[in-house]
Amino acid sequence: MPELPEVETIARDLRGLVAGARICDARCDWPPTLRSHEPVPFARAIVGRTVEGVGRRGKQLLIWLAPTGSGGDGFGSVPAVLTVHLKMTGQLFVVPVATPMDRHVHLVLTLADGREMRFRDIRKFGRIGLYPRDPETGEPIAGEAVGVLARGAEPLVDDFTVRRFRELVSARRGRLKSLLLNQDFLAGVGNIYADEALWRARLHPLRDARTLRPGDVRRLHRALRDVLAEAVERRGSSVDDYTAPEGDGSMQEHLAVYQRAGEPCLRCGRAIRRIVVGGRSTHFCSWCQRLAREQRETGQKALAARPVGAAERRGRLEANRKAAASRRAVARGEDPKPRTDAPEGAPEGAV
Ligand SMILES: [Zn+2]
C-alpha cells in the first residue's frame with residue numbers, strides 16, 4: 001500500500017497537473033469507490049468546482065476544491081475536499097480525453113481543458129470521499145468524515161521534534177513494529193518504512209515501546225524522518241502497483257531490509273530475517289537489532305516461525321516484482337514487456 005512518501009509524490013505531481021483545472025463531468029462505475037455519495041449526487045456536488053490545490057494527510061490525498069458559485073443544494077456554495085485513499089492498488093492519472101480507457105478505471109473526473117483525471121484500481125479497495133472543508137485545516141469539517149483520516153502525528157512536519165516524539169512514545173506500550181503502523185500514533189508510516197526505520201535505528205521490531213531509553217527514542221525519531229524524507233526525494237518505492245502521475249519512484253532500489261529476507265545486511269553482512277508481527281511481514285537483522293532476553297521469550301512464537309524457505313521466497317518475490325512492474329507499465333499505457341533497449345527519452349505515455 002502506498003505510504004507517506006508515495007502519497008506525497010502523487011500529491012506533488014497532481015498539484016502541477018491539475019491546480020486551476022475546472023471539473024465539468026464526473027462518472028463512477030463502481031459505487032463502493034465513493035464513500036460519501038452515490039455516483040449521481042457525487043457528480044452533482046463536484047461538477048463546476050475548480051481544483052485549488054492538492055495536499056496529503058497520512059496515506060491519503062486531499063484535493064481542495066473551490067465552491068461552484070451556483071449554490072444549488074447548499075453544498076455547492078462551500079469549499080470542499082476530496083479525500084483519496086489508494087489502499088492496495090489505487091492509481092491516479094491525468095490524461096487527454098482521447099486516451100484509451102481500460103476496465104480498471106472506476107472514477108473519471110473530466111476537466112474543462114480536454115483532460116481527464118482517472119482513478120484506476122484493480123483490486124477496488126480504494127475509497128474516495130467528498131466533504132465540506134474546514135478552511136483552517138484543509139480537512140473535512142468536524143463530524144463530516146469520522147474515522148476517514150488518520151489521527152496520528154505527521155512525522156515530517158517541523159514541530160514533530162524529538163521532544164514531541166518522546167511524549168507520544170511514553171504514552172504507549174507494545175511492540176515497536178505494531179506501534180509504528182498505528183495510524184493514530186503516527187500518520188503515513190506503513191510496512192516498508194516501519195521496517196526500514198527500525199533497521200536504521202538498530203531497534204528490534206518486537207521490542208516493547210516501554211523499554212526504550214532516551215537514546216533509542218532519539219535514534220528512532222531521526223531514522224523515521226531520514227528514511228521518509230529520502231523516500232519522498234526518490235519519489236517513493238515502486239513495489240507492487242504504486243506509480244505516480246509523472247512516473248515510478250526509485251526508493252525500492254535503496255531499501256535495506258524490506259523484502260530482502262536471506263540477503264546480507266548492508267551493515268554487518270549477516271542474513272536479513274523475515275518474521276510475521278501482527279499479521280504483517282517484518283524484516284530485520286537479528287545481529288544489528290538485538291532483543292533483550294526477557295523480551296525474546298514473549299516474542300518466541302513470531303521468532304520461531306519459518307514458513308517458507310529463503311530460496312523459494314526469493315523466487316516468489318522476484319516473480320511478484322516482475323508482475324507488478326508489468327502491471328504498472330500497462331497502467332501507463334506502455335508496452336508491458338521489459339524494454340532493455342529503450343532509447344533515452346522514450347514516451348512516458350501517462351501525461
Ligand atoms: Zn546487520
Side-chain angles (χ1 to χ4, degrees), residues 3-5 155 162 165 169 174-182 186 189-234 236-240 249-318 320-321:
E3 305 178 24
L4 184 157
V162 182
F165 186 52
V169 171
R175 294 166 172 177
L176 287 178
K177 174 65 187 273
S178 307
L179 183 58
L180 293 181
L181 295 184
N182 180 346
L186 281 186
V189 176
N191 220 27
I192 301 175
Y193 301 106
D195 285 3
E196 293 296 313
L198 288 170
W199 180 81
R200 288 187 183 209
R202 299 176 185 245
L203 293 170
H204 197 288
L206 296 178
R207 177 94 174 258
D208 193 299
R210 283 174 303 179
T211 68
L212 293 185
R213 289 184 286 257
D216 298 325
V217 174
R218 212 166 29 241
R219 284 201 318 282
L220 183 54
H221 173 264
R222 154 121 288 184
L224 280 163
R225 285 176 56 105
D226 284 356
V227 75
L228 292 170
E230 180 183 340
V232 169
E233 196 70 24
R234 298 190 192 279
S237 300
S238 282
V239 292
D240 300 330
S250 62
M251 187 66 185
Q252 67 279 7
E253 292 151 26
H254 302 269
L255 299 176
V257 284
Y258 183 76
Q259 293 192 343
R260 290 192 67 239
E263 291 175 45
C265 170
L266 302 179
R267 215 157 31 204
C268 73
R270 291 169 175 83
I272 297 298
R273 285 201 58 187
R274 175 187 177 276
I275 58 173
V276 176
V277 182
R280 309 296 302 275
S281 57
T282 296
H283 312 78
F284 68 103
C285 171
S286 51
W287 180 262
C288 297
Q289 297 164 266
R290 298 294 185 89
L291 194 61
R293 186 188 310 251
E294 59 275 17
Q295 291 191 42
R296 227 174 291 156
E297 277 160 26
T298 61
Q300 223 166 25
K301 210 171 128 219
L303 288 169
R306 282 175 189 273
V308 188
E312 188 186 333
R313 169 155 288 279
R314 267 207 297 280
R316 222 162 56 191
L317 262 179
E318 195 43 46
N320 285 347
R321 265 183 211 140

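Ligands are counted one by one from 1 in listed order, and the atoms in each one are counted from 1 as well.
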Visitor: Taking the six-membered ring for Trp, are Phe165 and His221 parallel (under 30°), tilted (30 to 60°) or perpendicular (over 60°)?
Guide: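 Ring orientation, 0 to 90° scale: tilted.
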Visitor: Please identify each residue that fulfils side chain to side chain contact (heavy atoms under 4.5 Å, CB included) with Gln295, with sequence neighbours left out.
Guide: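 Gln295 satisfies side chain to side chain contact (heavy atoms under 4.5 Å, CB included) with Arg207, Asp208, Thr211, Leu291 once adjacent residues are dropped.
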Visitor: Count up the protein N, O or S atoms sitting under 2.8 Å from the Zn ion (ligand 1), would you?
Guide: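 The number of such protein atoms is 4.
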Visitor: Is the cationic atom of Arg202 (NZ for Lys, CZ for Arg) positioned less than 6.0 Å from the six-membered ring centroid of Trp199 and within 45 degrees of its normal?
Guide: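 The answer is no; the distance or angle limit is not met.
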Visitor: Who pairs with Glu230 by side chain to side chain donor-acceptor pair (under 3.5 Å), at least two apart in sequence or on another chain?
Guide: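 Scan of Glu230 (side chain to side chain donor-acceptor pair (under 3.5 Å), adjacent residues dropped) gives Arg200, Arg234.
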Visitor: By side chain to side chain contact (heavy atoms under 4.5 Å, CB included), which residues pair with Leu179, not counting sequence neighbours?
Guide: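 Expected list: Arg172, Phe185, Ala209.
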Visitor: Does a sphere of radius 6.0 Å around CD in Glu318 hold more than 12 heavy atoms from other residues, nucleotides or ligands, not counting ones at 6.0 Å or beyond?
Guide: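 Yes, enclosed.
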